[in-house]
Amino acid sequence: MTTKTKRFFLPESEIPTQWYNIQADMVNKPMPPLNPATREPLKPSDLYPIFAKALADQELNQTDAWIDIPEAVREQYKNYRSTPLVRAYGLEKALGTPAHIYFKNESVSPVGSHKLNSAVAQAYYCKQEGVTNITTETGAGQWGAALSYAAKAFGLELAVYMVKISYEQKPYRRSIMQTFGAQVTASPSMSTKAGRKILTEHPNYQGSLGTAISEAIELAMSTPNCKYTLGSVLSHVTLHQTVIGLEAEKQMQMAGEYPDIVIGCFGGGSNFGGISFPFMRHNILEGKKTRFIAAEPSSCPKLTRGQFRYDFGDEAGYTPLLPMFTLGHNFAPAHIHAGGLRYHGAGVIVSQLLKDKLMEAVDIDQLESFDAGTLFAQAEGIIPAPESCHAIAAAIKEANKCKETGEEKVILFNLSGHGLIDMAAYDKYLSGDLQNYALSDEEIAKNLAELE
Ligand SMILES: *Cc1c(COP(=O)(O)O)cnc(C)c1O
């Protein structure tokens with residue numbers, strides 16, 4: 001009898017020592033972010049007032065494929081890495097598919113999601129450069145929770161603007177942030193110009209990531225020795241997340257397989273890029289044919305129905321202009337429970353890769369995502385984050401295709417987080433209170449037409 005291995009682990013010594021920067025290997029590099037005032041391409045020094053210098057340099061680095069992970073960051077990674085690569089035998093059986101399904105379980109981090117991989121790196125570089133205070137925004141609270149942990153680990157004060165609807169729907173993420181010593185404010189708030197403007201125009205506005213970003217940047221710019229940090233979208237964030245794919249690559253070797261399909265859910269692109277780019281490197285450099293699928297919510301479909309163009313990363317227009325797939329920075333996404341996916345745009349790297357057809361995207365309805373998450377929970381014993389449910393739904397679609405064709409494809413998806421602090425969302429789903437949000441072409445076109 002052969003014994004089947006369920007989980008694949010790497011020893012601490014095999015935790016990656018470098019991050020992978022796909023920009024260096026891309027044939028068509030991302031177009032440059034532009035200074036909104038001058039329309040000139042951005043230089044790293046333009047970003048120094050807002051971000052730690054090392055992070056600004058990483059952001060625009062298109063030459064170095066490998067970037068050393070500082071030892072202090074690796075020490076933090078040892079608290080939860082390597083994360084397991086898991087063969088989803090239970091899900092395969094439930095689906096009756098010949099496909100081999102694997103998932104990388106990033107939900108085992110102390111805060112329950114992949115976000116810690118970049119949070120500890122960003123806090124480390126801020127501390128190195130003598131920064132004392134950092135600000136950020138958070139949607140569902142995952143990034144805020146990760147950054148509060150990291151800020152405490154490196155001795156920084158943290159102020160978080162949390163999207164108001166999540167502040168109310170996910171009170172325990174706020175408690176986590178406060179437990180780690182962060183100060184948390186519901187956004188939009190009256191504490192910034194950007195927040196006051198939006199509240200004056202729309203008193204009942206429930207907030208969005210775009211608005212919270214504007215508030216956090218404004219606070220960072222007006223506070224001495226303070227930097228802003230971001231948990232997704234930017235290229236340096238995705239760079240840090242490549243530890244996911246780099247570990248997965250070695251673990252797939254242990255399993256004796258190589259993925260035909262790699263899937264991640266998509267908010268701004270960091271967990272998708274994190275699991276995909278180390279494998280995509282072999283497509284670019286060696287002609288491998290792995291497919292990469294980003295799973296986004298139907299209610300916020302920037303990749304499948306947005307436009308590739310220059311747009312702001314935030315609601316108020318404080319950020320540089322980014323060349324990206326966007327629904328327009330003024331887009332107000334429906335109040336779906338996958339708060340981490342309610343963002344109007346996509347990172348510049350993934351946007352270029354999608355334009356160049358090196359990856360694909362798929363839209364998932366809210367109800368389908370929870371159907372998938374519930375099936376996964378029952379088959380594998382882990383309740384997934386509402387965001388991660390989108391990746392699971394996309395993996396199930398592909399596994400079902402294999403069932404029809406009889407193909408034994410190898411599917412790898414990233415389980416970006418667990419859902420144990422999102423049970424209010426599951427409650428609504430289980431009681432039949434959740435709905436899908438259809439978005440018409442007219443609504444999308446109208447929103448994009450409002451951009452200059
Ligand atoms: C934030 C978050 C996401 C979405 O962000 P990306 O940058 O696109 O990865 C997905 N899953 C979880 C659990 C999250 O916390």
Side-chain angles (χ1 to χ4, degrees), residues 83 103-119 122 136-149 160 162-163 166 170 173 176-177 208-209 212-213 229-245 262-277 292-297 300-303 313 324-325 333 336-351 353-354 359 361 364 369 373 376 382-394 413-422 425:
T83 63
F103 63 93
K104 181 73 167 153
N105 187 0
E106 289 295 306
S107 84
V108 302
S109 95
V111 292
S113 82
H114 70 286
K115 294 241 170 43
L116 204 50
N117 300 329
S118 186
Q122 295 190 42
T136 199
E137 79 298 328
T138 194
Q142 294 273 27
W143 169 243
L147 195 64
S148 350
Y149 171 111
V160 181
M162 183 170 189
V163 176
S166 303
K170 316 210 175 207
R173 289 250 166 67
I176 293 174
M177 292 184 254
S208 70
L209 277 175
I213 293 172
T229 66
L230 191 57
S232 180
V233 185
L234 292 179
S235 303
H236 67 265
V237 182
T238 307
L239 171 76
H240 305 150
Q241 295 297 349
T242 57
V243 288
I244 304 171
V262 178
I263 298 171
C265 67
F266 196 97
S270 79
N271 92 88
F272 169 77
I275 191 153
S276 296
F277 293 172
F292 301 92
I293 305 174
E296 64 180 3
C300 197
K302 58 256 181 178
L303 297 177
M324 62 180 180
F325 278 92
I336 56 166
H337 281 271
L341 308 186
R342 295 178 69 241
Y343 183 69
H344 67 271
V348 301
I349 297 177
V350 278
S351 292
L353 293 170
L354 183 66
M359 56 173 277
I364 307 289
S369 74
F376 179 80
I382 302 171
I383 298 181
E387 291 85 0
S388 314
C389 290
H390 292 72
I392 298 170
F413 72 86
N414 192 37
L415 184 72
S416 53
H418 68 65
L420 294 178
I421 305 168
D422 304 287

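Atoms within a ligand are numbered from 1 in the order they appear, just like the ligands themselves. Sequence positions, counted from 1, serve as the residue numbers for this chain.
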- Item | CA sep, side-chain torsions, deciding dist, call: Y343, I213, side chain to side chain contact (heavy atoms under 4.5 Å, CB included) | CA-CA 11 Å; Y343 183 69; I213 293 172; 3.9 Å; yes
- Item | Closest candidate by heavy atom, reference atom 15 (O) of ligand 1, pool R173, E106, K115 | K115
- Between V237 and ligand 1, which residue portion shows a heavy-atom distance shorter than 4.0 Å: side chain, backbone, both, or neither? neither
- Message: Can you confirm, on distance only, whether ligand 1 has an N/O atom lying under 3.5 Å from any N/O atom belonging to G267?
- Response: yes
- Counting each atom of ligand 1 from 1 as listed, which ones have a heavy atom of Q142 under 4.0 Å away? 13 (C), 15 (O)
- Note on the structure: If we number the atoms of ligand 1 from 1 as shown, the ones under 4.0 Å from a heavy atom of S416 are 10 (C), 11 (N), 12 (C), 13 (C)
- Item | Winner among G139, G340, A295, C265 once heavy atoms are compared against atom 10 (C) of ligand 1 | C265
- Item | Straight-line distance of S369 OG to E296 CD, nearest 0.5 Å | 13.0 Å
- Note on the structure: For E387, the atoms of ligand 1 under 4.0 Å from one of its heavy atoms are 10 (C), 11 (N), 12 (C)
- Item | Minimum heavy-atom distance M324-S351, with the two atoms named | CA-OG, 3.3 Å
- Task: Please write down residue, atom name and distance for the protein heavy atom closest to atom 7 (O) of ligand 1.
- Result: S232 OG, 2.5 Å
- Is the closest side-chain donor-acceptor distance between E387 and N271 under 3.5 Å? no
- Message: Need the ligand 1 atom indices (1-based, order shown) with element for anything under 4.0 Å from a heavy-atom of S270.
- Response: 6 (P), 7 (O), 8 (O), 9 (O)
- Task: Describe, in one word, how the ring planes of F413 and F103 are oriented to each other, choosing from parallel (under 30°), tilted (30 to 60°) and perpendicular (over 60°).
- Result: parallel
- Query: Which heavy atom of Q142 sits nearest a heavy atom of A385, and at what distance?
  - Reply: NE2-CB, 4.3 Å
- Item | N/O separation below 3.5 Å, S388 to ligand 1 | no
- For L341, the atoms of ligand 1 under 4.0 Å from one of its heavy atoms are 4 (C)
- Close-contact set for ligand 1 against H114 heavy atoms, below 4.0 Å: 2 (C), 3 (C), 9 (O), 10 (C), 11 (N), 12 (C), 14 (C)
- Separation between CG (L147) and CD (Q122), nearest 0.5 Å, reads 7.0 Å
- Kindly confirm or rule out an N or O of G417 lying under 3.5 angstrom from an N or O of ligand 1. no
- Indicate the atoms forming the closest heavy-atom contact of G144 with V160, along with that distance. CA-CG1, 4.4 Å
- Item | Greater than 12 external heavy atoms within 6.0 Å of I293's CD1 | yes
- Item | Distance-only polar pair, side chains of H418 and S107, donor-acceptor under 3.5 Å | no
- Task: Report yes if some N/O of F272 lies less than 3.5 Å from some N/O of ligand 1; otherwise report no.
- Result: no
- ligand 1 versus F266, non-hydrogen atoms closer than 4.0 Å: side chain, backbone, both, neither? backbone
